[in-house]
Structure formats: C-alpha cells, structure tokens
Amino acid sequence: MDLAKTRNIGISAHIDSGKTTLSERILFYTGRIHKIEEVKGGGDGATMDHMELEKERGITITSAATSVHWTPARVNPGDYQINLIDTPGHVDFTIEVERSLRVLDGAVLVLCAVGGVQSQSLTVDRQMRRYQVPRLCFIYKMDRTGANARRGVQMMREKLNTDAILMQLPIGSGDDFKGIIDLITMKALFFDGVDGEKVREEPIPADMQDEADEERHAMLESLSMYSDEMMELLLSEEEVPEDLIHKVVRSATQQQGVTPVFLGSAFKNKGVQPLLDAVTRYLPSPLDREIKARKVDDDTQRMALLPDPAAPFVGMAFKIVEDPYGQLTFMRIYQGKITKGEMYTNQRTDRKERFSRIVRMHADKREEIDSAEAGDIVAIMGIDCASGDTYSNERKYCSLESMFIPDPVIKVAVTPASRADADKMGKALQRFRKEDPTFQVYNDEETSETIICGMGELHLDIYVERMRREYKVEVEVGAPKVSYREAPGEKVEFNYKHKKQTGGSGQFAHIVGSLSPIPTEGEAAFEFEEHIVGGRIPKQFIPPVEKGFRDSLGKGPLADYPVVGVHIELTDGSYHDVDSSERAFYIAACDCFRESMRASKPIILEPIMKVEIECPEIYQGDVVGDVIRRRGLIGQTDTRDGISYINAEVPLAETFGYATDLRSMSKGQGTFTMELATYRRAPSNVQEDIIVERRKQQKELVASR
C-alpha cells in the first residue's frame with residue numbers, strides 16, 4: 001500500500017445536509033457500486049445507511065466505513081485509496097462523529113447552499129478542531145431555489161472563524177444550475193450522462209469571464225497570505241503557476257489555516273468528481289499527520305508514532321459493534337502491521353488477544369484480508385475490548401489519547417413487559433452500553449427501576465426500537481426525566497471534627513477550609529486544593545479527604561441530584577497519633593461535605609438546549625411566541641427566501657414533545673435541531689417545583705413499599 005496515496009476521510013454535516021447522498025455518489029463514481037440509491041424514496045435505500053431503521057427514517061444513525069479507489073483526472077497520476085466514513089448529522093448520535101474524527105486524517109464538511117452554517121455545522125466544526133482535522137467544504141444543493149454559495153462562504157468566515165476560500169464558481173443556480181467554473185484552471189466543467197459520470201471541460205461562458213477573473217484574483221489574494229512567493233508574483237503582476245496554487249492550498253489546508261470551498265449538487269450528480277480530485281490533492285495522507293502517544297508507565301512522556309509497517313504495531317479500537325458472530329471492533333492502525341492469527345496486547349487491560357479474523361468493511365459487507373498496515377482502517381472479529389482502547393504487539397508500549405465523550409442529558413425508565421423479557425432486555429442494554437459510550441444504564445436504588453440515559457429523545461427512542469426488533473423485547477417506557485444538577489450557592493467556611501470512641505482505638509479527624517462555587521456557568525469539574533503546612537495533617541491523610549469530598553458529589557441536599565461546580569480548599573486541621581486513620585479522614589470529609597453544602601444555600605442547575613428552528617416565514621410569530629412560553633431565550637432570527645431561521649436557548653424540561661407541537665404550529669413544514677448548550681441556574685419558582693416533585697416521588701415510593 002502506497003501511504004502517500006492513501007486518504008482517511010470522513011463526511012460530516014448538519015442533519016439533512018446531504019452527507020449520505022454525497023457518499024452514495026462517491027461510491028458510484030469510484031466504481032464501488034453500479035447503481036445509485038437514494039436516502040429517501042424507493043429502492044433499497046442508500047448503501048451506507050444499511051440498518052432497517054436508517055432506511056425507514058431516512059437518517060443516518062450509525063457511522064459506516066468503506067474503502068474506494070479513485071484515479072484523479074488532473075492530479076498526480078495513479079490510483080488513490082480513500083477510506084471513507086459517513087457520519088450521522090443528528091446531534092443525538094454525536095458520539096459517532098466524535099469517534100470517527102478521532103481516527104481520521106481529513107474531512108469534508110458539507111453545507112447546505114440555502115441554510116449555510118447551521119447549528120450542527122458549528123458542533124461538527126468544534127469536533128474537527130478538537131482533533132485538529134484539516135477539512136474541505138462542499139456547498140451542496142446548488143440546485144435548490146435560494147442557493148447562494150457566497151453567502152455560505154461568508155457565514156463560514158463569520159460563524160466558524162475560518163478562512164474559507166471559494167475554489168469554484170457556480171454556472172447558474174437553483175433550477176438553472178448547470179455546472180461549475182474551476183478558478184485554478186479557469187475552465188468550465190459540465191457533467192453529462194444519465195448519472196453525471198462524464199465530466200466535460202469547456203471554455204468559461206463569455207458572460208461569466210469577468211466575474212471569474214475577479215473571483216480568481218480574490219482567491220489568489222487570500223492564498224498569498226500563506227505564501228511569500230505567491231505574494232511577490234501578485235505584487236509584480238506576474239502569472240501565478242498552477243502548481244504553486246495547488247502547493248499553497250495543500251499546505252494551508254493541512255495547517256488548518258484555510259478551508260477550500262467546492263460547489264455542487266450530489267442529488268443532481270454535479271461537482272462530485274472535482275471534489276474527489278481535491279480530496280486526493282489537498283487532504284493529508286497518513287504520512288502528513290503527526291500522531292503522539294503517551295508512555296503507559298509514564299503519563300507525562302510523549303512518543304511520536306510513525307506510519308512505518310516495520311515499527312512496533314500501535315492501533316486504536318474506536319468503534320465496537322456486536323453482531324451474530326461476536327464483537328466487531330473497528331481499528332485505525334497508526335504504526336506497524338497486524339497479521340491474521342497473531343497475538344496483540346490491549347494496553348489498558350494488559351491482556352493478550354488473538355486477531356483471528358481481519359476484515360475490510362464496506363457498509364455492512366465484509367472482505368476478509370490477511371494483514372493490514374499503518375494508515376489502514378479495518379475491523380477485527382472476536383476480540384473483547386472497550387471503545388478507545390489501544391493495542392500493540394508489545395506490553396506496556398504506549399497509550400493513545402481517547403475520544404471526548406459528552407455526558408447524557410435525558411433519561412427514561414424502561415420496564416420489561418414480562419419476566420421472560422427481563423433477561424433479554426438486560427443483554428440488549430449491556431450490548432448497547434458497550435457499543436455507545438453516551439448510552440448509560442443504571443438501576444435506581446430507590447425505585448428499583450432500570451434507567452437508560454442518552455443524548456436526546458430520538459437517541460433513546462432508537463434504542464428502545466432496536467430492543468423490540470433485534471431482541472424481540474417488549475418494554476414499557478416511562479416519561480422522560482431531566483438530568484438536573486445541584487451546586488453550592490455561596491462560599492462557606494468549615495471547621496469539622498470527626499470523633500468516635502467505641503472501645504479500643506477510636507476515630508479522630510479534624511479538617512478546616514472552605515467550600516465555594518466554581519465561578520463558571522455550566523457543569524464544571526470538581527476542584528480540590530490543599531494548603532497544609534507544618535504537617536498539621538500528615539500527607540497520607542490528604543488523598544482520603546479529597547476522595548471523601550469527591551465521593552459525596554453523587555447526591556445533593558436539595559433533591560438528591562448530582563453536585564457539580566464545587567471548589568474545596570483545605571487549609572488546616574489536626575490529627576491524633578493513635579486514633580487518626582485514612583478512614584477517619586474520609587468519613588470526616590463526607591460528613592463535612594453534607595453539612596457545608598446545606599449551609600451554602602445550594603441551587604439547582606438545569607440543562608439548557610441550543611435549538612435551531614426552520615419554518616416558513618408566515619409562522620415565525622407563532623413559533624417565537626411558543627419558544628418564549630417555554631422559558632426560551634431568542635438569540636437570533638434570520639429570514640431568507642421565505643424561510644425563517646430561529647436560534648434560541650430553551651430548558652430541556654420544556655422541550656419534550658416539541659416536534660409534535662412545531663409540526664402542528666407550522667402545518668408540518670417546521671423542522672428543528674437541538675443540542676446541549678450549558679447548565680444554568682433554574683429560576684426560584686422552577687427550583688421549588690423540582691424539589692416538590694422530587695419529594696412527592698420519594699413519598700410515593702415509600703408508601704408503595
């Protein structure tokens with residue numbers, strides 16, 4: 001495998017922006033499939049949406065991987081291998097985007113030519129920046145009424161804070177969209193044939209020549225900020241060579257300074273082949289990416305991984321799927337080589353496992369292979385690991401940084417309809433929890449109910465439906481519950497002594513300090529500081545104090561919700577030579593926390609969702625009024641081509657059933673997306689209602705017993 005001609009890329013975007021439709025065209029033009037299927041409508045559904053639920057609902061639920069080969073028309077000759085991952089757009093399945101971007105070298109950000117940068121586009125942008133993934137942008141749906149490529153580029157500059165540079169011009173727009181002008185070669189490209197498979201190159205239409213010259217000059221001026229050589233040529237009014245333009249675009253893209261923007265309509269089969277050329281020309285190969293890992297024995301020491309097949313093997317298990325033949329583990333190989341039948345060590349568990357089967361994935365189809373090398377994305381059958389685990393052929397070699405996992409925000413109780421279903425439900429939940437780190441399961445000790453937690457109503461709805469279909473389990477689902485948090489309201493000083501004498505050696509611990517809120521809005525971490533001097537508390541007793549405070553965060557004094565945003569400062573204390581112990585100081589911290597939290601005038605924090613609504617302009621007044629009635633704050637409204645775009649922040653507790661209400665208000669024409677924005681203090685009247693409701697539930701529970 002020629003690593004210089006390998007590309008590991010993902011396609012990410014706001015929901016319904018056309019990622020899967022674009023993936024389907026890429027598969028067709030690269031010869032991987034011979035018939036284009038659509039996401040919605042007749043046929044068997046898009047190739048990459050292989051789950052029955054995906055085909056029925058017309059959305060991507062789980063990321064799908066495939067591998068294709070592309071021979072570019074005007075790039076370095078040769079056959080390029082593109083390992084492609086199509087990711088979901090709905091925020092409820094954001095973990096699929098997180099883990100895909102964690103292991104990819106480049107990405108294509110898809111934007112709607114009408115909607116431009118939407119709420120989930122911002123989330124995807126943050127995820128790409130988190131993993132430092134260079135990207136191209138494909139402004140799609142140029143055939144729609146109201147399509148405006150320049151507006152999309154302007155929104156990228158303003159909202160994504162990226163230097164977006166238009167590399168092409170559209171020839172017409174909406175129903176008149178005919179093709180594109182390449183601003184580097186200054187040629188017009190048209191897409192002929194039944195499926196746009198024949199790319200025809202023509203001179204630029206005479207009526208667009210001046211506009212193309214102007215846009216090309218603007219493109220070169222923007223790129224010259226990244227190249228002194230290009231700047232000198234422009235200042236001296238000399239022609240800029242085509243090779244230099246490509247070189248600068250590639251360099252600036254890989255340094256994440258520039259986002260080159262390409263245009264097209266995948267649905268109308270226009271503009272996809274030039275995008276594939278750009279992927280091979282501008283996005284990095286595994287050789288261009290610097291990957292660092294941590295030493296297992298020394299977390300502070302970093303080591304660079306080389307995409308060298310001869311070096312020790314290092315790979316990351318980034319996605320897990322259970323299937324009838326056992327666990328299927330998707331793995332990115334960063335260094336070295338794996339061979340079928342060999343033993344490799346899980347760096348987290350230090351357990352050796354045999355890679356008995358290695359497969360290359362094409363959506364839900366598999367191709368058996370004997371080996372795989374650095375730069376490959378493959379799947380291993382039958383090994384037992386967790387998402388994010390690092391593997392190597394050496395023990396305690398290194399550990400790769402895992403992916404970011406957001407906390408779930410919504411929970412519901414699930415009860416099997418019969419005792420016979422209980423075991424099957426348990427197996428299903430265990431499998432789903434292993435596959436999806438954002439899906440959590442626990443048993444409520446008070447109610448003895450099984451609680452499932454996730455990123456949103458759709459997220460949990462999909463898993464309940466999968467239980468019914470895949471495990472034939474009928475479950476009763478309770479009303480959604482909000483994951484509230486508690487936090488201290490003000491700073492309090494503490495001076496707490498724990499003394500106990502029960503015959504023999506007693507228990508003594510004395511701690512002095514303060515408990516205060518962390519001055520940030522949102523779900524901040526627990527912080528612990530100690531400033532003990534002169535051995536007032538021996539060093540071995542400090543960690544139990546911190547553990548006591550940390551372990552007490554599970555239940556707050558107001559309504560037994562988890563506590564966040566706590567800063568503990570330990571300044572003084574005392575101990576007894578005989579009666580003091582680690583346990584005594586641990587108990588002292590637990591009791592002190594409960595006492596201090598009550599004294600701090602605690603508050604309840606509620607999850608606030610960022611909501612983006614699209615509806616016809618005539619319904620804007622009703623929709624905005626409804627948002628305000630739900631305690632929502634309107635951030636920004638914009639109207640383009642008769643469609644209103646409304647950004648708002650709404651408490652999660654007020655959003656249940658919103659999809660039905662919005663459809664009713666807008667006669668079925670309104671859509672919305674929603675994701676967690678922050679945790680914010682609940683108004684006092686709402687806080688009282690939450691506490692009263694919680695106490696009522698607890699009383700009913702006691703009465704039922």
Side-chain angles (χ1 to χ4, degrees), residues 299-300 407 442 444-446 483-605 679 681-682 684 687 690-691 694-695 698:
D299 200 44
T300 60
D407 291 329
Y442 70 93
D444 190 315
E445 293 176 9
E446 292 182 352
S483 295
Y484 293 107
R485 301 286 187 264
E486 296 184 32
E490 61 185 31
K491 181 176 180 178
V492 292
E493 308 287 338
F494 59 77
N495 187 337
Y496 190 85
K497 278 186 182 175
H498 170 67
K499 288 197 288 187
K500 193 174 182 183
Q501 198 69 42
T502 54
S505 61
Q507 291 182 6
F508 179 86
H510 177 210
I511 52 177
V512 179
S514 64
L515 177 149
S516 56
I518 296 175
T520 56
E521 190 177 75
E523 191 176 355
F526 168 77
E527 293 176 359
F528 180 83
E529 282 184 56
E530 60 95 1
H531 302 287
I532 302 297
V533 293
R536 299 281 293 169
I537 300 177
K539 288 291 182 190
Q540 70 267 28
F541 296 149
I542 304 294
V545 173
E546 180 179 354
K547 189 173 188 302
F549 280 115
R550 196 181 289 275
D551 289 354
S552 302
L553 298 172
K555 283 187 176 183
L558 291 176
D560 292 346
Y561 288 113
V563 179
V564 297
V566 177
H567 179 87
I568 300 289
E569 190 170 2
L570 185 65
T571 55
D572 200 3
S574 60
Y575 72 103
H576 188 277
D577 286 334
V578 177
D579 292 347
S580 288
S581 64
E582 291 185 2
R583 176 155 183 78
F585 275 92
Y586 175 82
I587 293 170
C590 293
D591 293 345
C592 174
F593 178 82
R594 283 191 287 272
E595 191 177 280
S596 302
M597 266 299 291
R598 285 193 201 97
S600 75
K601 297 181 181 175
I603 58 174
I604 284 184
L605 303 176
Y679 273 78
R681 182 174 186 163
S684 54
Q687 177 165 312
I690 293 167
I691 295 169
R694 186 76 161 176
R695 285 176 183 161
Q698 289 168 336

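Atom set for the values below is all heavy atoms of this structure, side chains included, hydrogens, waters and symmetry mates excluded. Computed from a predicted model, the values in this text were never measured in an experiment.
Counting only distance, with no hydrogens or angles, the side chain of Thr571 and the backbone of Val512 share a donor-acceptor pair below 3.5 Å. A donor-acceptor pair is defined here as one N or O able to donate and one able to accept, closer than 3.5 Å; such a pair exists between the side chain of Ser580 and the backbone of Phe508. In terms of modelled atom types and a separation under 3.5 Å, the side chain of Glu486 and the main chain of Leu558 share a donor-acceptor contact. At distances below 3.5 Å, not a single donor-acceptor pair connects side-chain atoms of Glu582 with backbone N or O atoms of Pro544. With hydrogens and angles disregarded, no donor-acceptor distance shorter than 3.5 Å links the side chain of Arg485 to the backbone of Val564.
Nearest approach of Pro517 to Pro488, heavy atoms of both residues: CB-O, 3.4 Å. The nearest pair of heavy atoms linking Ile537 to Ile532 is N-CG2, 3.5 Å. The shortest non-hydrogen separation linking Ala487 to Leu605 is CB-CD1, 3.9 Å. Between Glu569 and Phe494, the shortest heavy-atom distance links the atoms O-CZ, 4.1 Å. The nearest pair of heavy atoms linking Ser574 to Phe585 is O-CZ, 3.5 Å. Nearest heavy-atom pair, Ala584 versus Gln507, reported as atom, atom and distance to 0.1 Å: CB-CB, 4.1 Å.
Considering only heavy atoms from C-beta on, Arg694 comes within 4.5 Å of Tyr561 through its side chain. The closest side-chain heavy-atom distance from Phe526 to Val563 is not below 4.5 Å.
We find the CG-OG distance between Leu570 and Ser514 to be 9.5 Å, quoted to the nearest 0.5 Å. Separating the CD atom in Glu493 from the OG atom in Ser596 is a distance of 9.5 Å, to the nearest 0.5 Å. In this structure, Ile511 CD1 and Lys497 NZ are separated by 12.5 Å, a value rounded to the nearest 0.5 Å.
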- Is there a side chain to side chain contact (heavy atoms under 4.5 Å, CB included) between Glu530 and Lys539 once you walk through the steps? CA-CA 10 Å; Glu530 60 95 1; Lys539 288 291 182 190; 3.6 Å; yes
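Donor-acceptor pairing under 3.5 Å is recorded for the side chains of His531 and Glu529. Inspection of the Asp572 and His510 side chains reveals no N or O donor paired with an N or O acceptor under 3.5 Å.
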Name the atoms and distances for all side-chain donor-acceptor pairs under 3.5 Å in residues 545-552, with sequence neighbours left out.
residue	atom	partner	partner atom	Å
Glu546	OE2	Arg550	NH2	2.9
Lys547	NZ	Asp551	OD2	2.8
Asp551	OD2	Tyr586	OH	2.9
Ser552	OG	Gly548	O	2.7

